[in-house]
Amino acid sequence: MDDSEYGNEVESKRLPSSKYKGVVPQPNGRWGVQIYEKHRRVWLGTFTEEEEAARVYDIAALRFRGHNAITNFNVSFENDEDYYMEKLFLSSHSKAEIVDMLRKHTYRAELEERKQNYACHGISGNAFNPEPLGESLVTPSDVGKLNRMVIPKQQAEKHFPLYTEIASKGVLMNFEDNSGKVWRLRYCYWSSSQSYVLTKGWSRFVKEKNLKAGDLVCFWRSNVGSNPRLFMDSKPRNGSGFETMGEVRLFGVNILDESNRDYAANNR
DNA sequence: CGTTGTGTTGAT
DNA sequence: TCAACACAACGG
C-alpha cells in the first residue's frame, strides 16, 4: 500500500491540503482563509467552496500587498474598467474593513453597489442634505446631432473627477430624476477637445425631456436612507414654469426650495 | 452541539 | 511568511 498520491480516500485523519495559497482545510470539509502580515495571521473567514476561498485570499492580498501581489487567479487586465473600479474600491477602504467584508461574505455585493454609485461616494460624506453639484446650460450643440453634453470643466473636475486611467473610456453613472426614473449615462473625458462630456444615454434624455438650447440641467447628490445617490433633471428655460418644477420628493426634503433663483439675470 | 479560528510548531 | 495540526473558544 502506497498512499503517496492524492487519492487517499480512506478514513485518514489527515486533512486534504488545498492547492491554493492562503487556503487551509477545516475539520468539517470547509475551507479557511488566512493571510500573514508582520508575524501575525489575519483570519479571513471560512467558505464552502475551495475556489471561493482562494478568491477571498486574492482580494486580501491585493489590499494588503498592492496590485502586484501574488494571487491564486489572475484578475482582469490593467486597463479594464472593472479592475480599475476594484482597485479604487480597495484603496478607499481600510484593511480592517476589507477583512470584515470578506469574513461576512459581503465583499462582492458591496463592490457592485459601489460601482453603481461611482462619484456618489468620496467627495462629500454628507449625511442627508442634498449637495448641489451645479447647473449646466444646454447649448445648441448639446441638443444637436453630437449626442453629447459638455459639462463645464471647473464643475466637472470639482464634482466628478475622472482618473487618468479611466478618463478616456469613461464610466457609467446612474442618475435619478424628479420622478424617480433612473438615467444611466456614460461620462468621460475627451482629450481632443479637453472637455468632460456625457455621451451614451444623453440623447435619450434630451428627447424624453424635450430639451432645448437655453434650458438648464441641474445635478445634485443626496442620501436616500444611508446610501448616496446622484440626481439630475432638466429645468425649462425661465419664464412660465410649468413642467415638473413644483416639489421634489426626497424623504420630505424639498430640494428645489431656493433654486428658483433666476439665472437669466447674469445671462444677459 | 458543530464550527470557527487561535495557539503553536516547523518548514521555506 | 507560510501551512499543518490540535483543540479551546465561540455562538446558535
Side-chain angles (χ1 to χ4, degrees), chain A residues 1-118 120-122 125-128 161 163-166 169 171 223-229 251:
Chain A
M1 280 293 195
D2 176 32
D3 61 350
S4 57
E5 294 295 352
Y6 304 82
N8 190 6
E9 37 203 278
V10 224
E11 40 258 283
S12 162
K13 293 180 184 175
R14 188 182 182 88
L15 264 36
S17 295
S18 173
K19 56 188 169 192
Y20 296 119
K21 186 175 170 62
V23 179
V24 295
Q26 291 295 97
N28 55 354
R30 303 183 78 232
W31 300 93
V33 187
Q34 58 192 11
I35 190 171
Y36 285 82
E37 185 195 47
K38 300 202 44 149
H39 297 273
R40 272 192 8 165
R41 169 178 48 203
V42 178
W43 189 253
L44 302 174
T46 57
F47 302 84
T48 301
E49 297 302 321
E50 187 180 5
E51 184 180 309
E52 185 191 5
R55 294 187 188 282
V56 163
Y57 173 85
D58 288 355
I59 301 302
L62 291 177
R63 179 58 183 85
F64 279 68
R65 300 166 183 171
H67 51 78
N68 288 324
I70 296 173
T71 53
N72 291 298
F73 302 99
N74 266 348
V75 249
S76 20
F77 195 60
E78 177 71 28
N79 218 5
D80 180 31
E81 175 175 324
D82 283 341
Y83 182 55
Y84 180 75
M85 292 301 292
E86 187 151 357
K87 281 202 299 183
L88 199 60
F89 181 75
L90 284 172
S91 61
S92 64
H93 289 84
S94 68
K95 293 175 185 176
E97 286 171 326
I98 297 297
V99 167
D100 205 60
M101 293 181 218
L102 294 174
R103 288 182 67 151
K104 295 198 303 216
H105 303 186
T106 60
Y107 174 81
R108 272 297 144 196
E110 299 217 34
L111 172 62
E112 291 308 314
E113 185 189 351
R114 169 59 179 270
K115 282 182 187 172
Q116 293 283 296
N117 295 311
Y118 178 75
C120 289
H121 302 254
N126 250 352
F128 24 80
Y163 300 84
T164 55
E165 300 169 60
I166 205 177
K169 293 186 65 173
V171 64
N223 286 357
V224 177
S226 62
N227 43 334
R229 299 211 199 148
F251 283 50

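Note on naming: letters A, B, ... go to the chains in the order of the sequence lines (proteins, then strands), and numbering restarts at 1 for each one.
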Legend entry - More than 12 heavy atoms of other groups within 6.0 Å of A/Glu97 CD: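 Counting other residues, nucleotides and ligands, CD of A/Glu97 exceeds 12 neighbours.
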Could you state the atom-to-atom distance from [atom1] of [X] to [atom2] of [N] in whole Å?
X       : N     : atom1 : atom2 : answer
A/Asn72 : C/dA3 : CG    : C1'   : 13 Å
A/Ile35 : B/dG5 : CD1   : P     : 16 Å
A/Tyr20 : C/dA3 : OH    : P     : 14 Å
A/Asn28 : B/dG2 : CG    : P     : 11 Å

Legend entry - Derivation of the salt bridge (Lys or Arg N to Asp or Glu O under 4.0 Å) call for A/Lys19 and A/Glu51: CA-CA 10 Å; A/Lys19 56 188 169 192; A/Glu51 184 180 309; over 6 Å; no
Inset, instruction - List in numerical order all residues of residues 93-101 of chain A for which some heavy atom is under 4.0 Å away from an atom belonging to DNA chain B. - result: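 Result for residues 93-101 of chain A: none.
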Inset, instruction - Could you check which residues of residues 51-62 of chain A get a heavy atom under 4.0 Å from DNA chain B? Sort them by number, please. - result: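 Correct list: empty, so none.
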Inset, instruction - For C/dA3, take OP1 and OP2 only and decide whether either is under 4.0 Å from a side-chain N or O of A/Ser17. - result: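 Checking C/dA3 against A/Ser17, no side-chain N or O comes under 4.0 Å of OP1 or OP2.
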Legend entry - Side-chain N,O (A/Ser18) to OP1/OP2 (C/dA3) below 4.0 Å: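 The answer is no; no side-chain N or O of A/Ser18 sits under 4.0 Å from OP1 or OP2.
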First locate atom [atom1] of [X], then atom [atom2] of [Y], and finally report the distance between them rounded to the nearest 0.5 Å.
X       : Y        : atom1 : atom2 : answer
A/Leu44 : A/Met101 : CG    : CE    : 13.0 Å
A/His67 : A/Glu86  : NE2   : CD    : 13.0 Å
A/Ile70 : A/Leu62  : CD1   : CG    : 11.5 Å
A/Ile98 : A/Ser91  : CD1   : OG    : 9.0 Å

Taking side chain as C-beta onward, heavy atoms only, is [X] less than 4.5 Å from [Y]?
X        : Y        : result
A/Arg103 : A/Asp100 : no
A/Val99  : A/Arg63  : no
A/Leu90  : A/Ile59  : yes

What side-chain donor-acceptor pairs closer than 3.5 Å can you find for residues 30-38 of chain A, not counting sequence neighbours?
| unit_1 | atom_1 | unit_2 | atom_2 | d |
| --- | --- | --- | --- | --- |
| A/Arg30 | NE | A/Thr48 | OG1 | 3.2 |
| A/Arg30 | NH1 | A/Thr46 | OG1 | 3.1 |
| A/Arg30 | NH2 | A/Thr48 | OG1 | 3.3 |
| A/Glu37 | OE2 | A/Lys95 | NZ | 2.6 |

Legend entry - Per-nucleotide protein contact string for nucleotides 6-12 of chain B, where B marks a base within reach and S marks sugar-phosphate only (heavy atoms under 4.0 Å, - for neither): BBB----
Inset, instruction - Would you give a per-nucleotide map of nucleotides 7-12 of chain C, 5' to 3', where B means the base has a protein non-hydrogen atom under 4.0 Å away, S means only the sugar-phosphate does, and - means neither? - result: B-----
Legend entry - Toward the 5' end of DNA chain C, by each residue's nearest nucleotide, A/Pro16 or A/Lys38: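 Residue closer to the 5' terminus by nearest nucleotide: A/Lys38.
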Legend entry - Heavy-atom donor-acceptor pair, A/Asn72 side chain to A/Tyr20 backbone, under 3.5 Å: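 Flag not set: sc A/Asn72 to bb A/Tyr20 has no pair under 3.5 Å.
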Inset, instruction - Enumerate the residue pairs fulfilling ring-ring contact (aromatic ring centres under 6.0 Å, His included) with a member in residues 86-106 of chain A, sequence neighbours excluded, ordered by first and then second residue. - result: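 Checked against ring-ring contact (aromatic ring centres under 6.0 Å, His included) - neighbours excluded - the pairs reaching residues 86-106 of chain A are A/Phe47-A/His105, A/Phe89-A/His93, A/Phe89-A/Tyr107.
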Legend entry - Non-hydrogen atoms of A/Ala69 and A/Ala61 that approach each other most closely: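 Distance-wise, the nearest heavy atoms are CB-O, 3.5 Å.
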